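The shown structure was predicted, so the numbers you read here are calculated from the model rather than taken from an experiment.
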Amino acid sequence: MAKETEMQSNFIYTLISKDVAEGKNDGRVHTRFPPEPNGYLHIGHAKAVLLNYKLAKAFNGKFNVRFDDTNPVKEEQEFVDSILEDLRWLGVDWEDRLYYSSDSFELKYEFARRLIQAGKAYVCDLSPEEIREYRGTLTEPGKESPYRNRSVEENLDLFERMRKGEFPNGSRVLRAKIDMASGNLNMRDPVLYRILHVEHHRTGDTWCIYPMYDFDHPFTDALEGITHSLCSIEYTDHRPLYDWIVENALELMPEVIKTRSRQTEFARLNLTYTVMSKRKLRRLVEEGYVSGWDDPRMPTISGLRRRGVTPEAIADFQEKAGVARADSTVSLELLEHCIRNDLNTRAHRVMAVLDPLKVVITNWPAEKTEMLTLENLPGNKAAGTRQVPFGRELYIEREDFLENPPKKFFRLSPGKEVRLMGAYIIKCEKVIKDEDGRVVELHCTYDPETKSGSDKSGKKVKGVIHWVAAAQAARITVRMYGNLFTKENPEAEEDFTACINPHSLATLENVPAEPAAASAPPGTRFQFMRKGYFYLDPEDLKKGKIVYNYTVGLRDSWAKMQK
RNA sequence: UGGGGUGUCGCCAAGCGGUAAGGCACGGGACUCUGACUCCCGCAUUCGCAGGUUCGAAUCCUGCCACCCCAGCCA
């Protein structure tokens with residue numbers, strides 16, 4: 001039986017528990033993640049990967065990774081590499097079981113031969129257009145191919161010659177002989193093999209006929225001993241064919257096929273304010289709406305990684321979003337919650353002022369710099385402390401000062417006091433404006449009795465704001481990201497590019513930050529106090545530029561109150 | 001009378017005949033040198049609709065409605 005597990009109850013978990021209890025497959029649980037190497041992984045794939053992986057773990061089973069590389073026209077090594085990198089980053093472990101469908105092309109060829117010998121498959125000479133016509137429609141049955149009743153000998157001969165390359169692309173296919181009148185179109189003599197004179201990224205020019213998914217997938221699952229083959233809802237209609245293949249493989253290839261693998265479908269993940277289809281993601285990249293597959297605004301694994309999201313947050317999200325069969329769209333807020341939740345306990349704190357307003361502490365000596373000690377993770381001694389310089393000229397966030405503050409505004413305003421985080425309480429004495437009336441500088445005084453950690457003043461101020469000493473400030477670049485789309489469901493739009501958010505990226509240059517922000521290693525995640533979480537971009541750092549990507553903001557109940 | 005699938009709180013989602021879990025969001029309060037975090041409290045007399053069976057139904061039956069998928073030699 002299953003051990004204690006982090007998994008929330010879901011229908012697949014329940015189903016597997018039942019199978020194990022009944023002793024199916026000798027109580028073995030073996031899952032797999034079968035990506036096609038024709039694109040980058042996105043968070044929807046992460047759901048599938050983690051589900052498969054965690055299910056295997058929960059039942060002490062095994063988990064394979066298998067590239068579904070049966071269509072050399074669309075597949076490339078580049079994608080194999082990126083997928084593997086993303087999978088490793090996600091933290092799944094396939095041990096030594098990394099497979100490719102193409103590893104077993106020879107066995108599949110043999111299986112196809114045996115289907116022919118059993119009278120269950122035939123070579124069809126119909127053109128693609130004719131096959132479509134013969135297939136019938138959703139409401140009318142199809143009709144049988146004139147080649148359906150060829151002799152076993154002729155079929156074997158033709159199939160062998162297909163393999164040898166005697167025929168051009170599209171001239172012939174191998175089909176299963178099932179039922180042209182089935183209400184399920186997948187059962188109307190589905191194509192098993194097609195001729196493709198195309199070089200394969202792994203098998204080169206060894207083959208010019210390639211198996212179709214419906215033939216290859218069930219066979220490969222059974223071959224690998226997969227007990228539970230999870231896939232998305234749109235394959236539900238394929239299940240009868242999946243079973244047909246497995247049953248025949250069990251019967252005709254008993255020397256290698258021993259597992260009656262079963263397919264179970266679940267709903268794919270949709271997220272608000274983004275798109276998930278490979279085709280649309282590709283358009284975003286190719287038409288330059290984003291900088292690449294790893295643009296931090298992309299829902300790809302590489303994009304999320306470069307945004308600063310952690311694999312732990314993704315796993316938590318996957319768990320919290322759940323699994324079911326109903327179509328659903330999870331709100332982005334849940335993902336953001338999981339990211340904050342994770343980063344809150346691990347991202348060291350640092351101060352940076354995104355929209356600076358200069359403050360002069362008039363009673364602070366011009367040349368004096370005091371080093372203050374701040375905790376990296378307030379409340380967590382183990383995370384240590386850092387030194388932060390304090391001086392006469394500082395920057396504070398422009399929005400933290402209001403000349404005419406509304407009620408309940410706890411920050412700085414004329415004649416009012418506020419605490420500079422980790423430093424002193426200051427009082428705003430004078431507001432300096434330019435000729436246009438814009439506030440350009442504040443003159444304040446500090447109270448020496450109020451030093452953080454040794455306050456002897458007894459003052460209680462409600463507001464605490466972050467700041468950066470001007471003289472020692474590091475200058476960093478910050479990329480602020482917003483949702484890529486302005487509509488919750490871009491997929492529902494006539495043209496999804498029409499609702500692309502033109503303000504999804506704002507680059508802030510020369511952002512003053514405390515020195516620690518300039519000496520962090522690539523990939524560091526910080527919380528810029530009171531602003532949000534930020535990720536030190538490794539790609540830009542390689543080029544010598546310190547750029548922080550906005551991961552997610554802190555919740556802001558003040559902003560909410562203003563609405 | 002094509003076939004298949006799904007409908008439980010704004011968004012996810014448990015529930016499997018015994019009288020509606022949980023998370024996110026939201027509202028209120030406490031705490032706070034992050035208006036963050038944390039902590040309390042609130043949030044479906046009701047489970048697509050209508051009938052029926054039953055002492056008892058979100059769970060069983062019947063009918064209806066809505067939405068999604070399928071006519072690639074893609075996966």
Side-chain angles (χ1 to χ4, degrees), chain A residues 8-11 14 34-36 38 68 70-71 73-75 124 126-128 131-133 135-142 169-175 181-188 190-196 209-210 212-214 216-217 231-240 265 267 269 272 278 317 319-338 340-341 344-345 349 351 374 378-379 408-411 419-423 425 450 452-453 455 461-466 488 527-532 553-561:
Chain A
Q8 170 185 322
S9 171
N10 64 60
F11 78 99
T14 305
E36 182 189 13
N38 72 341
D68 235 329
T70 59
N71 185 358
V73 175
K74 304 162 77 174
E75 296 150 7
C124 182
L126 254 24
S127 69
I131 285 185
R132 193 186 325 123
E133 285 163 22
R135 186 154 37 225
T137 68
L138 291 179
T139 53
E140 300 155 23
N169 291 353
S171 60
R172 279 176 232 264
V173 291
L174 181 74
R175 294 227 256 169
S182 172
N184 182 344
L185 302 236
N186 297 119
M187 299 301 268
R188 319 240 265 226
V191 173
L192 269 23
Y193 266 92
R194 77 285 217 187
I195 298 170
L196 249 29
I209 57 172
Y210 292 91
M212 296 287 289
Y213 168 87
D214 282 321
D216 185 278
H217 203 86
C231 63
S232 46
I233 289 292
E234 64 265 33
Y235 290 100
T236 305
D237 285 345
H238 295 244
R239 195 166 65 224
E265 312 84 19
L269 173 73
T272 56
K278 276 183 192 171
F317 171 69
E319 191 60 46
K320 285 187 162 73
V323 202
R325 291 183 63 96
D327 292 343
S328 64
T329 302
V330 178
S331 65
L332 225 206
E333 291 157 318
L334 179 61
L335 209 211
E336 294 180 337
H337 162 81
C338 294
R340 283 189 201 102
N341 201 32
N344 180 45
T345 60
R349 262 114 254 224
M351 294 188 286
L374 271 73
K408 300 244 184 126
F409 182 78
F410 306 144
R411 282 106 101 148
R419 157 142 252 133
L420 293 180
M421 193 176 280
I425 287 176
T450 59
S452 184
D455 191 316
V461 289
K462 195 90 167 131
V464 181
I465 64 175
H466 58 101
E488 253 197 23
Q527 181 197 109
F528 287 178
M529 295 290 272
R530 303 206 308 134
K531 296 311 297 185
L554 258 29
R555 291 191 59 181
D556 188 348
S557 56
W558 168 245
K560 206 176 289 175
M561 270 172 68

Taking side-chain hydrogen bond (donor to acceptor under 3.5 Å, both in side chains) as the definition, give me every residue that meets it alongside [X], ordered by chain and number, with sequence neighbours left out.
X      : value
A:E75  : none
A:K74  : none
A:H238 : A:D214
A:R172 : A:D125

Does the structure show a Watson-Crick or G-U wobble partner for [N], both distances under 3.5 Å? Name it, or say none.
N      : value
B:rC26 : B:rG42
B:rA50 : B:rU62
B:rC31 : none
B:rC73 : none

* **Nucleotide B:rG2, atom P - distance to CZ of A:R188 in whole Å** =>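 Spelled out: CZ on A:R188 to P on B:rG2 is 13 Å.
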
* At under 4.0 Å, does any side-chain N or O of A:S9 touch on OP1 or OP2 of B:rG15? ->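 Result: yes.
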
Partner residues of [X] under the side chain to side chain contact (heavy atoms under 4.5 Å, CB included) criterion, sequence neighbours left out:
X      : answer
A:L554 : A:Q527, A:Y533
A:F409 : A:L402, A:P405, A:P406, A:R411, A:W558
A:M212 : A:V191, A:R194
A:S9   : A:T14

* Asked: Which part of the nucleic acid does A:S331 contact within heavy-atom distance under 4.0 Å: base, sugar-phosphate only, or nothing?
  ->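 Sugar-phosphate: the residue A:S331, judged by heavy atoms under 4.0 Å, touches backbone atoms but no base.
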
* Asked: What nucleic acid atoms does A:V73 come within less than 4.0 Å of, heavy atoms only: base, sugar-phosphate, or nothing?
  ->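 Counting heavy atoms under 4.0 Å across all strands, no contact is made by A:V73.
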
* **Contact pattern, 5' to 3', of nucleotides 34-44 of chain B - B, S or - by protein heavy atom under 4.0 Å** => BBSS-------

* Structure fact -> With sugar-phosphate taken as primed atoms, P, OP1 and OP2 and all else as base, the protein-contact string of nucleotides 69-75 of chain B at under 4.0 Å (heavy atoms; B, S, -) is BBBSBBB

* Asked: With rounding to whole Å, what would you report as the distance between B:rG52 and B:rA58 at their P atoms?
  ->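 So the two P atoms sit 15 Å from each other.
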
* To do: State which residues pass salt bridge (Lys or Arg N to Asp or Glu O under 4.0 Å) with A:R419; sequence neighbours excluded, sorted by chain then number.
  =>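 A:R419 satisfies salt bridge (Lys or Arg N to Asp or Glu O under 4.0 Å) with A:D455 only.
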
* **Test item: A:T137 side-chain N/O and A:T139 main-chain N/O as donor-acceptor pair under 3.5 Å** =>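 Indeed, once roles are kept as given, a pair shorter than 3.5 Å links the two residues.
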
* To do: Give a yes or no on whether a donor-acceptor pair under 3.5 Å exists between the nucleobase atoms of B:rC33, that is its base, and the side chain of A:S452.
  =>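 Side chain to base: pair present.
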
Between protein and nucleotides 66-68 of chain B, what N or O pairs are separated by less than 3.5 Å?
unit_1, atom_1, unit_2, atom_2, d
B:rC68, O2', A:D327, OD2, 3.3

